[in-house]
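Only this structure's heavy atoms are used, side chains among them; waters, hydrogens and symmetry mates stay out.
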Amino acid sequence: ITLDPGLIEARNNLGASLLSLGKMAEAETVYRDALQLSPDNVHLLCNLASVLIDRGQFADAEAQCRRAIALAPASATAYSFLGAAIGHQGRLLDALEIHRKAADLAPNDVRALVALGTALAELGNTAEGIPILKHAAELATDVWQTRASLGTIQLADGNFLEGWQGYYYRTGRTAFAKQFPGVAIAPNLPASLAGKRICLLNEQGLGDQIFLLRWIRAIKARGATIAYRPDAKIESIVRRIPLIDEFILPSDRLPDADFNVMLGDLPYLACYGADGAALQGAEENLVAASVRLSPREEILAAMREKMQALGPPPYIG
């Protein structure tokens, strides 16, 4: 840009680079400056709309998309971003029709198909939305995001057998792999785990961790011993779960283990073997029984004293 201030493609690439670094405000400025030089550039308008959506400026994003569509009525990308901008404003029925238009213009565009399938599912029409998402997954070269979207909707629809397969591709898993490239994550587990040691790795929120630990029961039933490093905030809680054989302090290095397993992979690994086929009894593990946690009486007594000191109930927390 220094050498050629009018080089629009360089400005566009700069905006994309800033966006990938999470510098959304700077990316927005770059795109707006580029549009001053090339106001009818549909590609720039769409990129600006994308940044505005990420920044929560949905009405402005909608306006940029409509400018792009006025210039290029056949732009599926512009329609797709318009549908997102409208949907985020709560106009879901309007957004659905826009996403249909985008998919009609680009019937093999994975992004447009995922947006349409997701929009249908958000409105409760999973019967139409899920086949569209499956088609998108077949077309996708990068299957992760598409399969994750499909899996999330299948879980919400009660299809746990296929839903846990899709959940395996969640963004949290890929983010962990990028953050800790030296940690080998087991993509699957053999049917027999007799004598094997499994180290569970966190990549979820506090409530998610407690929820997902219920699938340890199915893994232990195959003979494994479980080592787990809980988040410090819930360590005192999960230490009361008898399913866990060994607790690792946050300051400790990861122990030697036969398999390092992502906590969010437990439902999938409890149901599927190394060949990707459903294990015998998988249906019983699709919805695992809850982990039961009993509160410690001394803590309950201390809390009752604090509450009583405040005055009579009711208490609102």
Side-chain angles (χ1 to χ4, degrees), residues 151-152 155 158-170 172-173 175-177 180 183-300:
T152 299
L155 288 174
N159 181 356
F160 299 109
L161 190 61
E162 290 184 280
W164 289 130
Q165 287 180 308
Y167 188 69
Y168 178 88
Y169 294 92
R170 66 200 176 280
R173 194 180 199 280
F176 184 95
F180 303 102
V183 180
I185 308 299
N188 47 53
L189 295 174
S192 174
L193 292 168
K196 301 298 183 182
R197 188 188 196 193
I198 290 175
C199 180
L200 288 180
L201 306 173
N202 279 331
E203 36 91 27
Q204 301 278 349
L206 301 179
D208 298 309
Q209 291 174 41
I210 296 172
F211 168 74
L212 289 163
L213 286 171
R214 68 183 66 195
W215 274 275
I216 291 178
R217 191 178 289 108
I219 303 298
K220 283 184 68 69
R222 287 150 65 181
T225 59
I226 304 294
Y228 178 53
R229 180 162 61 186
D231 189 289
K233 292 180 179 179
I234 59 170
E235 181 182 354
S236 65
I237 297 175
V238 298
R239 277 188 178 275
R240 286 178 272 148
I241 300 175
L243 298 170
I244 301 169
D245 301 293
E246 178 185 354
F247 288 92
I248 308 159
L249 295 175
S251 57
D252 292 344
R253 63 179 292 274
L254 291 179
D256 293 330
D258 296 288
F259 303 101
N260 292 316
V261 168
M262 303 298 300
L263 188 58
D265 288 348
L266 281 180
Y268 171 78
L269 296 175
C271 300
Y272 291 91
D275 58 357
L279 295 168
Q280 185 175 2
E283 292 286 344
E284 299 174 7
N285 295 323
L286 292 175
V287 183
S290 300
V291 168
R292 299 192 65 83
L293 296 169
S294 299
R296 287 160 50 188
E297 284 302 323
E298 67 272 21
I299 294 179
L300 282 178

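- When all heavy atoms of Cys199 and Leu254 are compared, the pair lying nearest together is SG-CD2, 4.0 Å.
- Atoms CG and CG, on Leu269 and Asn285 in that order, are 11.5 Å from each other to the nearest 0.5 Å.
- Taking CG of Leu155 as the start and CG of Asn159 as the end, the distance is 8.0 Å to the nearest 0.5 Å.
- Counting heavy-atom neighbours within 6.0 Å of Gln280 CD, excluding the residue itself, gives a total of 12 or less.
- The shortest non-hydrogen separation linking Arg240 to Pro242 is O-CD, 3.3 Å.
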Pair Asp265-Arg173, side chain to side chain contact (heavy atoms under 4.5 Å, CB included): steps then yes or no: CA-CA 9 Å; Asp265 288 348; Arg173 194 180 199 280; 2.7 Å; yes
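- Side-chain N or O atoms of Arg197 include none that pairs as donor or acceptor with a backbone N or O of Ile226 at under 3.5 Å.
- Distance check, rounded to the nearest 0.5 Å: CG of Leu193 to CG of Asp258 gives 9.0 Å.
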Derivation of the side chain to side chain contact (heavy atoms under 4.5 Å, CB included) call for Leu201 and Leu263: CA-CA 6 Å; Leu201 306 173; Leu263 188 58; over 6 Å; no
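- In this structure, Asn260 contributes its side chain and Ile185 its backbone to no donor-acceptor pair below 3.5 Å.
- Between Leu279 and Cys271, the closest side-chain pair of non-hydrogen atoms is not below 4.5 Å.
- Each ring pair (Phe, Tyr, Trp, His ring centres under 6.0 Å) pair with one or both residues in residues 186-232, not counting sequence neighbours, appears once here: Trp164-Trp215, Phe211-Trp215.
- For residues 218-234, every residue pair satisfying the salt bridge (charged side-chain N to carboxylate O under 4.0 Å, His left out) rule, not counting sequence neighbours, is listed here: Lys220-Asp245.
- Looking at every heavy atom in both residues, Leu189 comes nearest to Ala186 through CD2-CB, 4.4 Å.
- Scored by the side-chain contact (heavy atoms from CB on, under 4.5 Å) test, Gln204 finds Tyr167, Arg170, Asp208, Gln209, Leu212 as partners (sequence neighbours excluded).
- Expressed to the nearest 0.5 Å, how far CD1 of Ile241 lies from CZ of Arg214 amounts to 10.5 Å.
- Applying the ring-ring contact (aromatic ring centres under 6.0 Å, His included) criterion to Phe247, with sequence neighbours excluded, gives no partner residue.
- Taking CD1 of Ile299 as the start and OG of Ser236 as the end, the distance is 6.5 Å to the nearest 0.5 Å.
- Contact between Pro295 and Leu300 at its shortest, heavy atoms only, is CG-CD1, 3.8 Å.
- Pairs passing the salt bridge (charged side-chain N to carboxylate O under 4.0 Å, His left out) check and including a residue from residues 278-294, sequence neighbours excluded, do not occur.
- Checked by atom type and distance alone, the side chain of Gln165 never pairs as donor or acceptor with a backbone atom of Gly151 at under 3.5 Å.
- Residues satisfying the ring-ring contact (aromatic ring centres under 6.0 Å, His included) criterion with Tyr168, sequence neighbours excluded, are Tyr268.
- Taking CD1 of Ile210 as the start and CG of Leu293 as the end, the distance is 6.5 Å to the nearest 0.5 Å.
- The closest side-chain heavy-atom distance from Ile219 to Leu266 is below 4.5 Å.
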Side chain to side chain contact (heavy atoms under 4.5 Å, CB included) evaluation trace for Tyr169 with Thr152: CA-CA 10 Å; Tyr169 294 92; Thr152 299; over 6 Å; no
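- Side chains of Leu213 and Leu200 form a contact here, defined as non-hydrogen atoms less than 4.5 Å apart.
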